[in-house]
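Input: a single structure, listed below in structure tokens.
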Amino acid sequence: MRLTVGQAVVRFLAAQHTERDGVEHRLIEGWFGIFGHGNVAGLGQALLEAELTDPDAVPYRQGRNEQGMVHAAAGFARMRNRMSTLACTTSIGPGATNMVTGAALATVNRLPVLLLPGDVFATRVANPVLQELEDPRGFDVSVNDTLRPVSRFYDRIWRAQQLPSALLGAMRVLTDPAETGAVTLALPQDVQAEAYDFPDPLFRKRVWHVPRTLPEPGALARAVAIIRSARRPLIIAGGGVIYSEATGALRSLAEAAGIPVAETQAGKGSMRYDHPLALGAVGATGTVAANEFARDADVVIGVGTRWSDFTTASRSAFADPTVRFVNVNIASFDAAKHSGEAVVADARAALEALLDALAGYRTDPAYRERAGEKARAWDATVERAYHLGNQPLPAQSEVIGAVNDAAGPRDVVVCAAGSMPGDLHKLWRTRDPKGYHVEYGFSCMGYEIAGGLGVKLAAPDREVFVMVGDGSYLMMSQELVTAVQERVKLIVVLVQNHGYASIGRLSASVGAQRFGTAYRYRDQDGRLGGTVLPVDLATNAASLGATVFRAGTVDELRQALAKARETDGVTVVHVDADPMVDAPASDSWWDVPVAETSRLETVRTAYEQYLDGKRGQRDYL
Ligand SMILES: Cc1ncc(C[n+]2csc(CCOP(=O)(O)OP(=O)(O)O)c2C)c(N)n1
Ligand SMILES: [Mg+2]
């Protein structure tokens, strides 16, 4: 079939599917694009032609910032448990490099996104083309090479003939749960417009089967022996539990064996918050219940977790000197961490196998009862934090409480950076495996609104509550316009506290006195300690087409959220919150190195405390 490379890419992607448990999904459900030279004549033409002539074509949507498009694709893919995603096309140069942050976010979080940046001329007839980076060391380098280290698969199509193998290689990585992440195919602009006789079978319907890889019997037997020897086992549920749709299998195993469950950020929602074996969040942003059980555990069973430093509290969370790890993970890279007994398998398949193989094993009743007591005690802490009655401005925990109350059981909360992810991890009451969507692998300011747009596109039947700080809003709010354009319903809760409450708190804890973290005028003394800035983000949101409600109190917030639920399109609920009220403590630690020497007393004190924390840190060998 004679097509341009651009037309071939569009046609090929429309024919790709995934399958798991007998259910088929379209792999690429849509396109985001921002056109410029580099894609307007190639992929742009092909997308137009598809929209006008091909009933099977996947929809094209305009982005406002290339980074935002990739965030939306990542949010979409996460919401769809990685079975479907979106493609993103950009112009060459800055359009392409704007995707680097989004690509890194997707790869860190192991989320499939397909990036199709335009690239310089393959023929080099007119180089340097507008926006070309000239590298005197070699003309095969372009700015797109910055996408290489943040992509799990990267190829540049210098010749049309290379396209079939590159496309197939890209699909393999997108759909492989152990390898997935950002996948980039750089498309030189002349090649995009070039015609070639592509073999017809390239465009046949293709189904990429996502396997439920079974645990290897030897590995399973070794894991079972370790768990059977455990007196104080603890399961740590990571994102893999949710992506693999293993929450039912997890609950069955936890109940049968009487093993309490704690959750990472990506794994939150694996258990309902009120299950008696659910200890909630673990680690640096965890609950005291989960962290107490982590400290005492003799066997820790990680399921689908990559053991980030927040989960291990910078390797201080697990304090039993003989603690051993069993790691169930589809990626051998993660399964091997902390000298764990590696069970390389699909989470659901492995949990089902463990349930059978552990028959008859059950923890002591007193152990299980203590888990239930601690979980209930934490929920009482949450209840108090939801109703603090802080004056004059609400505490953030009260804002979270109001949103949690306004959200239905299947609704989704979205967040990424600032003080809210930690507070949400501790305080959000999850009732559905897909109800909690906090991007904390990259914790990227600006993900919130763009990612939330992707979540809503992936799950139109759920209400999506995007929680965004003023700092993150200022970093990236422009996809509000995209949501308005697409008539997508989003409820954005914008928490105004005039700067970085999170980093302010962190700064104070390292003795750095909140330096440079509040949005304030420069004062007479030349320092940024003046009054807060006359910034009105509610008006800003209204100017972008959102319906805006302002709330000054928790009651007003609750009313605004109720109205937002009834309002079509994009709603922004603007609420002022007190940046100085902390969420309940975690009894945990995070390794943030403090200056070893300083003229400042605050730093010297913080350094002493830092050394204390360091004493609890260890290798799990
Ligand atoms: C792109 C990016 N830049 C910097 C950071 C570091 N950082 C983490 S939280 C934060 C401040 C967030 O401010 P805001 O959104 O207002 O939330 P708050 O801390 O006030 O809750 C910063 C600068 C980041 N996570 N992402
Ligand atoms: Mg803020």
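FYI, the numbering just counts along the sequence from 1. Ligands are counted one by one from 1 in listed order, and the atoms in each one are counted from 1 as well. The analysis underlying the following values was restricted to heavy atoms, covering all of them including side chains, and did not include hydrogens, waters or symmetry mates.
- Among the backbone and side-chain atoms of Gly499, an N, O or S atom lies under 2.8 Å from the Mg ion (ligand 2).
- Between Arg80 and Glu29 a salt bridge is recorded (basic side-chain N to carboxylate O distance below 4.0 Å).
- Each of the atoms 13 (O), 14 (P), 15 (O), 16 (O) of ligand 1 lies under 4.0 Å from some heavy atom of Gly471.
- Salt bridge status for Arg550 with Glu556: absent, with no side-chain N to carboxylate O gap under 4.0 Å.
- For atom 22 (C) of ligand 1, the nearest non-hydrogen atom from the set Met445, Gln67, Met476, Gln496 belongs to Met445.
- Residue-to-ligand polar distances place Ala501 within reach of ligand 1: an N/O pair is separated by less than 3.5 Å.
- For Asn497, the nearest N, O or S atom to the Mg ion (ligand 2) falls under 2.8 Å.
- With rounding to the nearest 0.5 Å, the separation of CD1 in Ile400 from CG in Leu424 is 4.0 Å.
- Take the N/O/S atoms of Asp470: the one nearest the Mg ion (ligand 2) is OD1.
- A side-chain donor-acceptor contact under 3.5 Å links Asp591 and Tyr610.
- Of the N and O atoms on the side chains of Asp309 and Trp590, at least one donor lies less than 3.5 Å from an acceptor on the other residue.
- When non-hydrogen atoms are compared, ligand 1 lies under 4.0 Å from the side chain of Asn497 (C-beta onward) but not from its backbone.
- Proximity to Ser472 (heavy-atom distance under 4.0 Å) selects the following atoms of ligand 1: 14 (P), 15 (O).
- Here the protein heavy atom with the shortest distance to atom 17 (O) of ligand 1 is Gly418 CA, 3.6 Å.
- Closest to atom 13 (O) of ligand 1 among all protein heavy atoms lies Tyr500 CD2, 3.2 Å.
- Not one N or O of Cys444 is nearer than 3.5 Å to an N or O of ligand 1, by distance alone.
- Test Asn144, Thr184, Thr107 against Ser151 for side chain to side chain donor-acceptor pair (under 3.5 Å) and you get one pass: Thr184.
- When only modelled atom types and interatomic distance are considered, Thr90 and Glu66 share no side-chain donor-acceptor pair under 3.5 Å.
- Using modelled atom types, one finds no donor on one side chain facing an acceptor on the other under 3.5 Å when comparing Asp405 with Tyr386.
- With hydrogens left out, the protein atom closest to atom 19 (O) of ligand 1 is Ser502 OG, 2.6 Å, a heavy atom.
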